[in-house]
Amino acid sequence: MTHDPTTSACGEPGRLAGSATAAPQPPGRIGGQIDYDKFLDCVHCGLCTAACPTYLETGDENNGPRGRIYLMRSVVDGRLELTPRVNAHLDLCLDCRSCETACPSGVEYGRLIEPFRASQRRAEAARQSARNADWFHRYILYCLFPYAQRLRWALAPARLMQQLRLDRLLETLGVIKILPRRLQRMQSFLPRLLPGGPPLPEFLPALGPKRARVALFTGCVADALFRHAHWATARVLQQNGCDVVVPRTQVCCGAIHYHSGADHPALALARANAAAFDAAGVDAVVVNVAGCGSMLKDYGQIARELEPAQAALLAELGGLADKVRDVSQFLAELGLIAPRGELKLRAVYQDACHLVHAQRVREQPRDLLAQIPGLELLSIAEPEICCGAAGSYNLTEPEMSDRLARRKLANLLAADPQVIVTGNVGCSMQIQSALRQARRAIPVVHPMELLDLSYRGVAFSRG
Amino acid sequence: MTTTDHDVSRSAAGVGAAFLTRLESIFGEHGLIRQPEELLVYECDGYVIEKNVPDVVVFPESTEQVVKVVNLCAEFQVPFVPRGAGTSLAGGCLPVGGGVMISLTRMKRILEVNLRDRYAVVEPGVVNLHLTQHLKGTGYHYAPDPSSQGACTIGGNFATNSGGPHTLKYGVTVNHVLGAEVVLPDGSVVQLGGAVEDTPGYDLTGLFVGSEGTFGVCTRVTVRLTRDPAACRTLLAVFNSVREATQSISQIIGAGIVPAALEMMDQGIIEAVEAAFHFGFPLDAAAVLLIEVDGLEVAVDDEARQIIAICQAGGAREVRQANSPRERQLLWKCRKQAFGAIGRLSPSYCTQDGVVPRTKLPEIQEFITAVGQRHAIRIVNVFHAGDGNIHPILLFDERDSDQVRRVLEASEEILLKCIELGGSVTGEHGIGVEKISLMHRLFDAHDLDVMRSVRQAFNPGGLCSPMKMLPTAGACGMEHVMQKRPGRRAAL
Ligand SMILES: Cc1cc2nc3c(=O)[nH]c(=O)nc-3n(C[C@H](O)[C@H](O)[C@H](O)COP(=O)(O)OP(=O)(O)OC[C@H]3O[C@@H](n4cnc5c(N)ncnc54)[C@H](O)[C@@H]3O)c2cc1C
Ligand code: SF4
Ligand code: SF4
């Protein structure tokens, strides 16, 4: 039913809620599987609005958290049809969850937008025949991203081109312009591909007295692009007395699948991971990529959403979720063995949304970095506002993504840092790309890389 | 969807194609919203009991654009209402009668900061807290700190004369606005006051602050900047009864101490904020007082000691002091986000806002408890206790119309009691549409006539924010609503 403004008189109570005329839709309809109580947590106070990057940029309530909740709820209530305009406002959401941090009512916005989107994608997929499904989603997101090895192969030519500086040549010649638009964007987002080193072995022993046994999650994109950060993370864990296990049977976290509505592949990946890490018999599953970490921590919730009747599945996935820790969170809980090597650097720590908002990990990485002798941590304006990377957002909503990247870059540069530190692959790529466009050569590293250098007593030398 | 018999909306019928075409030529496609599915979110603000969608929302980026839309409204006789962040708890942004909603959220530049003369010039859409963040490191801040400061705009604060915990000592918005630029409903732009104190002539700035958008649209504000206090002490006093807590408040003020802030939260609120922020509040306490003193280093310890002694004599079972800036920040966060945290207790809430003389706090508190019991409505309380401003929060589920009715009845009884005790029906949230029917209880016919003629002077056609604040209809032909149903809320 479309909303008809002429009938919306003042003084009609209960219209925000599912009133008599608008019973919540049965499951199967868009947003039908959302726990309706989660909508009711929102008391419409508006305190979240100024925390939302897209609201800050547009000033439109439709692009703010309170408005988006209102839109989704109205769709679920059958008050509003999911028109292209409504879709556009929901698509523009970064799922950065800054609104969750700001909301005093404890609204779990992520548990509204994510299942809502997933059900949208499911409905789309059901409508579209396989033939005219979006090639980009089909090939790049499904066939390439989840598979670290395929990604590494796919990126090999890019790595070679970068090494030979051919990419710059092609960029200058404009040859890249003939690639499809989204491929062009992906190309421009590729960071300087470092030689990541060999794959991590299945086991790395603790150095010094053993304090814990952990498994390291390596992921798909991260392992292809940021293997050097995995190595650094593993070494830091070893330094802190951890036996590190890297199960070979682990797979992609499934975030890309889940977010595009492919529930069953997502669940299959989740179960494979649960099996891989359960077998490893560890105290914690350590993740060094914010996005993967928050997906893994949500496994239990997702099982509840998708297969509410399956208690065993819930226990299996919830069990893994409970063990997942971001590496900085884990080290802070364990108690960091202070590194000794001096790194005289002015650094800014850039919060990854999936750490600070989704996992509420804010102080830990800062506290760890502050223990590096000589390192000065600078603060920036709007630290909690997303840089616009947000998973594949920089490919699907390029305009807003660029606006937010520029906003973030301006705030970062105002602090005049020598190095930018961030705990997420996506943020790192986004900032590196923004820096390249602004022709600024400031290195962007993972917090574990700096800790690793300090432990090894090696000076900082990139960039 | 059924059409109700009291359909007051002039939507669609109200604005014609010619008007929209002209509006589009001013704002372009990105500066305006007119599709029903995008207008829906503008049907209410922080007050969700009454709703109405505007016909169109515009996003001016300059005073000139505001002038143009206001002129166009005058030409076509279309009502308009300004909107900031939409955190009003009184339905201030409700587009009664449809028409144009003027959203000021894109006018958000900080135009000037002058530390030597201690003022800043800002556009109305600047978020209150963003101004203070912008001033970080300068030694100055913007003092009015409504609990909604992380989201609400300076323009909205200007319109509602917002207060906050720290306005007990520093004064409410009107004490911090030096001047403003406003667009009157006839399209003229006037400059009120200025960067210097005490401009000659009538104090129009004072008149406009708190006028709830009924005199025109504020497009620029010159605000006073306040020096950061050299030192402060933040105390938390825990009581086993609300009466002891409220009596201690009178004792503190009676002793001649003016705390920077003096707030009370009762058990229900403590439960909600503890669930939200895990501060470590004692969940079995009947009430806590949050008290802050600030000033010179030498003075604050002395005042803090006095306050501790008074609270202990008044029956406090424990008085704690915040040990670090982080702890202080968390305490204030708990207090300021208390309303929002209510979502953890109930799906809907109605925050009431009344004022009583400070010494009547124990009496009104007991009355509130009795009203809650009589109507079977759970009521929790948070007070800006220092200035007698009470916020009983009535918990309900808006899907249950009987609960809604009981909430409205209980609210009214509480507010009438405030008047009876020599107080008023709003301390800071304003009248909006919510309390319009109580105005005649607060003021007699002569008082209201004077107010009406003031409004008449600035807003003669009544197109600007019709049906707000004063119980007269504007030009939008709404009188029948009032006549058919005595008091707007009877429409429920
Ligand atoms: C959780 C919560 C806590 C709150 N705590 C406090 C508090 O401690 N103290 C307090 O005083 N209030 C409080 N409020 C109420 C509200 O936040 C304030 O009234 C605030 O000043 C409104 O600002 P806004 O930008 O949201 O204005 P809006 O809600 O958008 O508008 C409020 C009124 O101002 C008018 N208006 C807005 N901008 C302009 C303009 N540029 N020109 C002319 N008129 C305009 C509107 O028409 C409307 O009548 C609270 C609200 C919430 C939800
Ligand atoms: S999400 Fe939270 S902060 Fe935002 S309007 Fe709802 S209750 Fe308020
Ligand atoms: S998740 Fe981020 S972009 Fe989406 S509504 Fe919340 S704050 Fe805004």
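Here is the naming used below: chain letters follow the sequence lines, and residue numbers restart at 1 for every chain.
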**Q** Looking only at heavy atoms, which two atoms of A/Pro104 and B/Phe277 are closest? And how far apart?
**A** CB-CZ, 4.2 Å

**Q** CZ/A/Arg66 to CG/B/Asp45 distance, rounded to the nearest 0.5 angstrom?
**A** 7.0 Å

**Q** Let me know if B/Glu38 has heavy atoms under 4.5 Å from chain A in its side chain, its backbone, both or neither.
**A** both

**Q** Could you grab the distance from atom CG of A/Leu40 to atom OG of B/Ser346, nearest 0.5 Å is fine?
**A** 9.5 Å

**Q** Between A/Val43 and B/Ile342, is a side-chain contact (heavy atoms from CB on, under 4.5 Å) present by the stated rule, with each step listed?
**A** CA-CA 8 Å; A/Val43 289; B/Ile342 295 301; 5.7 Å; no

**Q** Would you mind checking which part of B/Lys108 comes under 4.5 Å of any heavy atom in chain A, side chain (CB onward), backbone (N, CA, C, O), both or neither?
**A** side chain

**Q** Less than 4.5 Å to any heavy atom of chain A: does that hold for the side chain of B/Arg405, its backbone, both, or neither?
**A** neither

**Q** Below 4.5 Å from any heavy atom of chain A, which atoms of B/His134 appear? Answer side chain, backbone, both or neither.
**A** neither

**Q** Atom CG in B/Leu39, atom CG in A/Asn62: separation rounded to 0.5 Å?
**A** 8.0 Å

**Q** State whether the side chain of B/Tyr42 and the backbone N or O of A/Glu61 hold a donor-acceptor pair below 3.5 Å, judged by distance alone.
**A** yes

**Q** Given that the side chain runs from C-beta out, which part of B/Ile33 has a heavy atom under 4.5 Å from chain A: side chain, backbone, both or neither?
**A** side chain

**Q** Could you tell me which non-hydrogen atom of A/Ala50 sits nearest to which non-hydrogen atom of B/Ala151, and how far apart they are?
**A** CB-CA, 4.1 Å

**Q** With a 4.5 Å cut-off on heavy-atom pairs, point out which of B/Gln149, B/Arg344, B/Arg106 contacts chain A the most.
**A** B/Arg344

**Q** With chain B, which of A/Leu56, A/Val107, A/Val86 has the greatest number of heavy-atom pairs at distances under 4.5 Å?
**A** A/Leu56

**Q** So do the side chains of A/Ser105 and B/Tyr349 get within less than 4.5 Å of each other, counting heavy atoms only?
**A** no

**Q** Measuring only between side-chain heavy atoms, which start at C-beta, is A/Ser74 closer than 4.5 Å to B/Leu40?
**A** yes

**Q** For chain A, find which of B/His30, B/Lys333, B/Arg83 contributes the most heavy-atom pairs closer than 4.5 angstrom.
**A** B/Arg83

**Q** Is it the side chain or the backbone of B/Ser103 that comes within 4.5 Å of chain A heavy atoms, both, or neither?
**A** side chain

**Q** A side-chain contact here means heavy atoms from C-beta on lying under 4.5 Å apart; do A/Thr58 and B/Phe59 qualify?
**A** no

**Q** Are A/Phe39 and B/Pro347 side-chain neighbours, meaning at least one heavy-atom pair lies under 4.5 Å?
**A** no

**Q** For the residue pair B/Glu43 and A/Tyr70, establish whether any side-chain heavy-atom pair is separated by less than 4.5 Å.
**A** yes

**Q** Under a 4.5 Å heavy-atom cut-off, does chain B meet the side chain of A/Ala102, its backbone, both or neither?
**A** backbone

**Q** Does a sphere of radius 6.0 Å around CZ in B/Arg109 hold more than 12 heavy atoms from other residues, nucleotides or ligands, not counting ones at 6.0 Å or beyond?
**A** no

**Q** So, B/Glu37 and A/Arg79, do they make that salt bridge, N to O below 4.0 Å?
**A** no

**Q** What part of A/Asp37 gets closer than 4.5 Å to chain B, counting heavy atoms only: side chain, backbone, both or neither?
**A** neither

